[in-house]
Amino acid sequence: MNEIIAYKDHNDEYYDHEIIDGVPIKSKSEDALNIMRHDMAHILAEAVTTLFPNAKPTIGPFIKNGFYYDFDMENTLSDEDLSKIEAQMKKILSEGRDFKKRSVSKEDALEIFKDNQYKVELINNLDNSAEINLYDQKNFTDLCKGPHHSSTTEYDANFKITSVSGAYWRGISTNKMLQRIYATAFYSERELNKYLKNLEEAKERNHRRLGTDMGLFLLTDLSAGNVFWKEKGLTLYQNIEKYIRSEQQKLNYLEVKTPELVSNELWIKSGHWDNFKENMFTSETDNKTFALKPMNCPCHIVLFNSQLITYKDLPLRYSEFGKCHRYEPSGALNGLFRVRGFTQDDAHIFCTGDQIYDVCNETALLIERVYKRFGFEKIKYNISTKPEKSIGTKENWDNAENQLKKVLSDNNKEFNILEGEGAFYGPKIEFTLEDSLGREWQCGTIQIDFNLPERLGAKYKDTNDKNQTPIMIHRAVVGSLERFIAIILENTNGWVPLFITPIQLAILPVSEKFIEYCNELNQQLKEAGIRTVVDGSDNKLGYKIRNSVSKKIPYSLVVGEKEIESKNFNLRSRKGENTSFAAIEEFKEFFQNN
RNA sequence: GCCGCCGUAGCUCAGUGGUAGAGCACACCCUUGGUAAGGGUGGGGUCGGAAGUUCAAUUCUUCUCGGCGGCACCA
């Protein structure tokens with residue numbers, strides 16, 4: 001079967017009829033899958049309205065991996081309700097449904113949906129000249145522009161309701177909250193199961209669980225959204241910091257540390273007080289108002305302004321692992337992904353307009369290098385351009401945008417342009433990495449700023465001894481260290497790269513007799529900079545191995561009579577593979593090089 | 001902040017209108033062991049917090065704090 005079921009335009013917008021320059025959508029294609037998912041949304045709506053006649057369907061689009069439908073209804077849906085709905089959907093599918101398109105006048109449409117204020121609102125928002133389409137199926141009619149398959153009998157639909165949650169009507173927080181039913185759907189049961197398994201896997205890899213099991217950090221209600229780092233977690237954190245620092249030093253960054261608590265005088269000047277006062281932690285002391293810094297940039301400009309800077313000093317790169325605090329709404333907090341106290345691997349580079357290319361180029365390469373080192377190979381790039389409301393001249397914007405584009409294209413990177421998505425103060429590149437479960441995380445950013453240096457009075461002397469305002473480039477590589485640690489943990493299921501892992505090697509004495517030898521060995525290895533631990537417990541070897549593997553220690557070293565006699569040591573990987581070393585010195589090298 | 005669900009031992013979780021239980025972990029004892037769990041004994045919980053209903057609340061109700069899934073937000 002390869003028939004045409006719909007068309008799409010070049011913005012991937014779907015149409016139920018042929019359009020100029022349209023691309024046909026063949027059955028069973030990726031696009032057809034989306035259409036099938038939208039079909040399923042209608043099936044879901046029929047099931048819900050059958051079981052709950054008072055439920056008012058609102059909108060129900062397809063989304064990545066599935067679809068949802070929002071309903072306004074009296075009773076809140078329980079898990080049992082969801083099972084019932086799922087069963088009802090299966091029943092409907094076994095009967096099969098045809099989707100029949102019908103065009104009606106606005107008056108007729110308003111009459112048909114008169115009991116559903118949401119559909120009425122949608123109809124009233126339609127262009128008066130627009131054709132109003134309905135899709136009829138047995139027991140259900142929806143206002144819908146389509147397209148749909150002509151019948152559910154054209155494919156197998158394997159679906160599962162995954163969750164129910166609240167969602168504002170039209171996504172506006174002052175509107176009524178509706179109940180959104182999420183579901184996933186695929187053609188084959190195999191694909192469905194694969195997807196569900198992936199969801200399970202993601203749950204298993206949850207960084208909160210890993211953090212607890214591995215003894216990395218503590219999250220407690222004593223300070224919601226702030227992390228208590230335990231010694232192992234801090235080791236991880238410091239190793240990440242150390243590596244990024246070493247890379248930055250190669251690029252002549254000047255690492256600084258600015259106060260966490262700063263007078264609101266600075267935030268008023270920078271404009272943050274006006275815009276984000278409600279989201280800042282403040283303190284009244286000595287009749288003055290202070291705020292915990294929500295970002296580092298104004299502080300770096302304070303440092304910049306404290307000295308006489310000339311064109312010879314540019315580009316000037318201030319970096320800081322800056323601890324910032326933002327009052328995030330309670331519902332936004334999410335493990336280490338979204339916290340109130342976080343550390344940015346921040347830097348601000350002051351430069352001239354001519355230096356934008358070089359600075360952004362070195363930064364883009366830095367970001368890529370760092371991601372690779374942490375095991376992320378797939379990176380996506382977006383460039384956000386001038387929004388409607390912005391400051392700075394058109395010329396400056398064009399220059400900056402072109403330089404950003406040139407950086408990426410010169411490095412043979414494909415990128416998307418997000419028109420008008422830039423900040424009001426300048427364009428940016430965003431770096432998004434993809435993890436081993438296919439999830440995407442936006443981490444790095446390079447942002448050009450035409451505003452803040454001017455606003456805070458930053459100046460440098462040019463070759464004519466005239467004062468000029470520098471351009472400032474904000475950049476972050478991993479973004480928030482806290483969040484990045486969560487990403488790394490979930491990406492690797494706790495098997496973080498060897499050079500940052502808190503404990504690299506567990507030394508396992510075969511019996512009590514060898515503990516002393518192991519302790520000496522441990523001391524030697526520690527002095528060589530290897531992070532080791534001795535398991536001197538009264539357990540059998542198999543148990544010790546199991547234990548060190550479950551604590552995510554990547555290597556173990558079994559030490560007994562055999563090893564001590566022969567001086568031949570086997571480094572055991574977590575998978576049980578052994579690498580033989582003729583002397584301890586040899587694997588010092590192994591750890592230092594990995 | 002909003003909607004829904006949840007909060008019981010260090011961890012994962014069971015359970016009940018009559019003040020609690022398992023597995024793992026931990027301690028001690030036996031075992032001195034060779035590559036993913038040897039055996040025994042034992043300690044440990046104001047059942048998130050406050051108030052209410054009740055003869056009696058961990059269990060029911062309300063409030064509150066926190067967590068999770070979304071929505072909204074994210075300089």
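Naming convention: chains lettered A, B, ... in sequence-line order (proteins, then strands); numbering from 1 in each chain.
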Chemist: Is the base of B:rA75 stacked against the aromatic ring of A:Phe276, taking ring centres under 5.5 Å apart and planes under 30° as the test?
Modeler: yes
Chemist: Just compare B:rC73, B:rA37, B:rG66 and give me whichever is closest to any side-chain atom of A:Glu328.
Modeler: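 In terms of side-chain proximity for A:Glu328, the closest of B:rC73, B:rA37, B:rG66 is B:rC73.
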Chemist: Scan every strand shown for a Watson-Crick or G-U wobble partner of B:rA37, both distances under 3.5 Å, and answer none if you come up empty.
Modeler: none
Chemist: Using a cut-off of 6.0 Å, state whether more than 12 heavy atoms not belonging to A:Lys84 lie near its atom NZ.
Modeler: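 No, NZ of A:Lys84 has 12 or fewer neighbouring heavy atoms, counting only those of other groups under 6.0 Å.
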Chemist: Quick one, A:Leu525 with A:Phe587, criterion side chain to side chain contact (heavy atoms under 4.5 Å, CB included). Give me CA distance, side-chain angles, the key distance, then yes/no.
Modeler: CA-CA 9 Å; A:Leu525 295 174; A:Phe587 67 77; 3.9 Å; yes
Chemist: For A:Gly542, which contact category applies under a 4.0 Å heavy-atom criterion: base, sugar-phosphate, or nothing?
Modeler: sugar-phosphate
Chemist: When we call it a touch if two heavy atoms are under 4.0 Å apart, what does A:Met177 touch: a base, just sugar-phosphate, or nothing?
Modeler: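 Since a base atom lies under 4.0 Å of A:Met177, the category is base.
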Chemist: Can you tell me the Watson-Crick or wobble partner of B:rC2, both distances under 3.5 angstrom?
Modeler: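 With both distances under 3.5 Å, B:rC2 matches B:rG70.
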Chemist: Quantified in whole Å, what is the P atom distance between nucleotide B:rC28 and nucleotide B:rG43?
Modeler: 15 Å
Chemist: Could you tell me whether A:Ala224 contacts a base, only the sugar-phosphate backbone, or nothing, with contacts defined as non-hydrogen atoms closer than 4.0 Å?
Modeler: sugar-phosphate
Chemist: Given the C1' atoms of B:rU46 and B:rG42, what is the spacing between them in whole Å?
Modeler: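 To the nearest whole Å, 23 Å.
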Chemist: To the nearest Å, how far apart are A:Asn226 CG and B:rC65 P?
Modeler: 17 Å
Chemist: How is A:Gly171 classified with respect to the nucleic acid when contacts are heavy atoms under 4.0 Å: base, sugar-phosphate, or nothing?
Modeler: sugar-phosphate
Chemist: Considering Watson-Crick and G-U wobble pairs with both distances under 3.5 Å, what does B:rU32 pair with?
Modeler: none
Chemist: Given the structure, check if the side chain of A:Tyr168 and the base of B:rG1 hold any donor-acceptor pair shorter than 3.5 Å.
Modeler: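 Indeed there is one.
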Chemist: Would you kindly check whether a donor in the side chain of A:Arg338 faces an acceptor in the base of B:rC73, or vice versa, at under 3.5 angstrom?
Modeler: yes
Chemist: Regarding A:Gly335, tell me which of base, sugar-phosphate or nothing describes its non-hydrogen contacts under 4.0 Å with the strands shown.
Modeler: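 Since only primed, P, OP1 and OP2 atoms lie under 4.0 Å of A:Gly335, the category is sugar-phosphate.
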Chemist: Counting any heavy atom closer than 4.0 Å, what does A:Phe514 reach on the DNA or RNA strands: base, sugar-phosphate only, or nothing?
Modeler: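 No contact at all - A:Phe514 keeps every heavy atom at 4.0 Å or more from the nucleic acid.
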Chemist: Could you tell me the separation between the CE atom of A:Met472 and the P atom of B:rA75, rounded to a whole number of Å?
Modeler: 15 Å
Chemist: Under a 3.5 Å cut-off for both distances, is B:rG42 Watson-Crick or wobble paired, and to whom?
Modeler: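 Answer to the pairing question: B:rC26, which forms a Watson-Crick or G-U pair with B:rG42.
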Chemist: Rounding to the closest angstrom, what is the interatomic distance between B:rA9 and B:rC13 at atom P?
Modeler: 11 Å
Chemist: Given the C1' atoms of B:rG7 and B:rA75, what is the spacing between them in whole Å?
Modeler: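 34 Å, rounded to whole Å.
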Chemist: Starting at CG of A:Asn206 and ending at C1' of B:rU12, how long is that distance when rounded to a whole Å?
Modeler: 13 Å
Chemist: Could you tell me the separation between the OG atom of A:Ser263 and the CZ atom of A:Phe290, rounded to the nearest 0.5 Å?
Modeler: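 Reported value, rounded in 0.5 Å steps: 5.5 Å.
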Chemist: Under a 3.5 Å cut-off for both distances, is B:rA50 Watson-Crick or wobble paired, and to whom?
Modeler: B:rU62
Chemist: Return the nearest nucleotide to the side chain of A:Glu563; candidates are B:rG34, B:rU31, B:rC24.
Modeler: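 Out of B:rG34, B:rU31, B:rC24, the nucleotide with an atom closest to A:Glu563's side chain is B:rG34.
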Chemist: Any side-chain N or O of A:Tyr182 under 4.0 Å from OP1/OP2 of B:rC71?
Modeler: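 So the side-chain polar atoms of A:Tyr182 do come within 4.0 Å of the phosphate oxygens OP1 or OP2 of B:rC71, strictly under.
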Chemist: Could you give the distance separating B:rG15 and B:rC73 at their C1' atoms, to the nearest angstrom?
Modeler: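 Going atom to atom, C1' in each nucleotide, I get 40 Å.
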Chemist: Taking CD1 from A:Ile161 and P from B:rG69, how many angstroms apart are they, rounded to a whole number?
Modeler: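 One finds 20 Å between P of B:rG69 and CD1 of A:Ile161, rounded.
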Chemist: May I ask you to evaluate whether A:Ser165 reaches the phosphate of B:rG4, defined as a side-chain N or O under 4.0 Å from OP1 or OP2?
Modeler: no
Chemist: Roughly how many Å apart are B:rG23 and B:rU41, using the P atom of each and rounding to a whole number?
Modeler: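 It comes out at 11 Å once rounded to the nearest Å.
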Chemist: Applying a 4.0 Å non-hydrogen cut-off, can you work out what A:Leu333 is touching in the nucleic acid: base, sugar-phosphate, or nothing?
Modeler: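 Touches sugar-phosphate only.
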Chemist: Ignoring backbone atoms, test whether A:Arg180 places a side-chain nitrogen or oxygen under 4.0 Å from the OP1 or OP2 oxygen of B:rG4.
Modeler: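 So the side chain of A:Arg180 is outside the cut-off, no N or O lying under 4.0 Å from OP1 or OP2 of B:rG4.
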Chemist: Report the distance from atom CZ of A:Arg572 to atom P of B:rU35, rounded to the nearest whole Å.
Modeler: 10 Å
Chemist: Could you check how far CG of A:Leu82 sits from C1' of B:rC5, rounded to whole Å?
Modeler: 11 Å
Chemist: Looking at B:rC73, B:rU31, B:rU35, which one has an atom nearest to any side-chain atom of A:Asp538?
Modeler: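 The listed nucleotide nearest to A:Asp538's side chain is B:rU31.
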Chemist: NA contact type, A:Lys562, heavy-atom cut-off 4.0 Å: base, sugar-phosphate, or nothing?
Modeler: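 If one applies the 4.0 Å heavy-atom cut-off, A:Lys562 turns out to touch a base.
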Chemist: State which of B:rA75, B:rG33, B:rG67 makes the closest approach to the side chain of A:Lys513.
Modeler: B:rG33
Chemist: Does NZ in A:Lys56 sit with more than 12 non-hydrogen atoms of other residues, nucleotides or ligands closer than 6.0 Å?
Modeler: yes
Chemist: Touch check for A:Glu561, heavy atoms < 4.0 angstrom, all strands: base, sugar-phosphate only, or nothing?
Modeler: base
Chemist: Out of B:rC71, B:rG34, B:rC11, which has the shortest distance to the side chain of A:Ala167?
Modeler: B:rC71
Chemist: According to the Watson-Crick and G-U wobble definitions, with both distances under 3.5 Å, which nucleotide is paired to B:rG21?
Modeler: B:rC13
Chemist: Determine the interplanar angle of the A:His207 and A:Phe217 rings, folded into 0 to 90°, and report it as parallel if under 30°, tilted if 30 to 60°, perpendicular if over 60°.
Modeler: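 Aromatic pair A:His207/A:Phe217 classed tilted.
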Chemist: State the CZ-NZ distance between A:Phe342 and A:Lys323, to the nearest 0.5 angstrom.
Modeler: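 One finds 10.0 Å between CZ of A:Phe342 and NZ of A:Lys323.
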Chemist: Please pick, from B:rC11, B:rA36, B:rC74, the nucleotide with the shortest atom-to-atom distance to any side-chain atom of A:Thr212.
Modeler: B:rC11
Chemist: On a whole-Å scale, what distance lies between the P atoms belonging to B:rA51 and B:rA56?
Modeler: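 Between the two P atoms, the distance is 15 Å.
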Chemist: Once the angle between the rings of A:Phe431 and A:Tyr381 is folded into 0 to 90°, is it parallel (under 30°), tilted (30 to 60°) or perpendicular (over 60°)?
Modeler: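 The rings of A:Phe431 and A:Tyr381 stand perpendicular, inter-plane angle above 60°.
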Chemist: Can you tell me the base-pairing partner of B:rA56? Count Watson-Crick or G-U wobble geometry only, both distances below 3.5 Å, and say none if there is no partner.
Modeler: none
Chemist: Does A:Glu320 pair with A:Lys293 as a salt bridge, N-O distance under 4.0 Å?
Modeler: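 Salt bridge: yes.
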Chemist: Checking contacts here: which listed nucleotide (B:rG33, B:rG34, B:rA75) is nearest the side-chain heavy atoms of A:Ser511?
Modeler: B:rG33
Chemist: Taking only the side-chain nitrogens and oxygens of A:Arg208, find out if one of them lies under 4.0 Å from OP1 or OP2 of B:rC68.
Modeler: yes
Chemist: Does B:rG1 have OP1 or OP2 under 4.0 Å away from a side-chain N or O of A:Tyr327?
Modeler: yes
Chemist: Looking only at the aromatic ring of each residue, does the gap between the centers of A:Trp441 and A:Phe337 stay below 6.0 angstrom?
Modeler: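 Between A:Phe337 and A:Trp441, the centre distance is under 6.0 Å.
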Chemist: According to the interplanar angle, ranging from 0 to 90°, do the rings of A:His42 and A:His38 count as parallel (below 30°), tilted (30 to 60°) or perpendicular (above 60°)?
Modeler: perpendicular
Chemist: Which whole number of Å gives the distance between the C1' atom of B:rG66 and that of B:rC24?
Modeler: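 My reading of the C1' atoms in B:rG66 and B:rC24 gives 25 Å.
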Chemist: Checking contacts here: which listed nucleotide (B:rA72, B:rU32, B:rA75) is nearest the side-chain heavy atoms of A:Glu512?
Modeler: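 Closest nucleotide to the A:Glu512 side chain: B:rU32.
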Chemist: Given B:rG67, B:rU32, B:rA75, which nucleotide is nearest the side-chain atoms of A:His272?
Modeler: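 Nearest to the side chain of A:His272 among the choices is B:rA75.
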Chemist: Would you kindly give the NZ-to-P distance between A:Lys551 and B:rC24, to the nearest whole Å?
Modeler: 16 Å
Chemist: Using a heavy-atom cut-off of 4.0 Å across all strands, would you classify A:Arg574 as base, sugar-phosphate, or nothing?
Modeler: base
Chemist: Respond yes when some side-chain nitrogen or oxygen of A:Asn334 is under 4.0 Å from OP1 or OP2 of B:rG69, and no when none is.
Modeler: yes
Chemist: For A:Asn279, report the nucleic acid contact type (base, sugar-phosphate, nothing); a contact means any heavy atom under 4.0 Å.
Modeler: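 Here A:Asn279 touches the bases of the nucleic acid.
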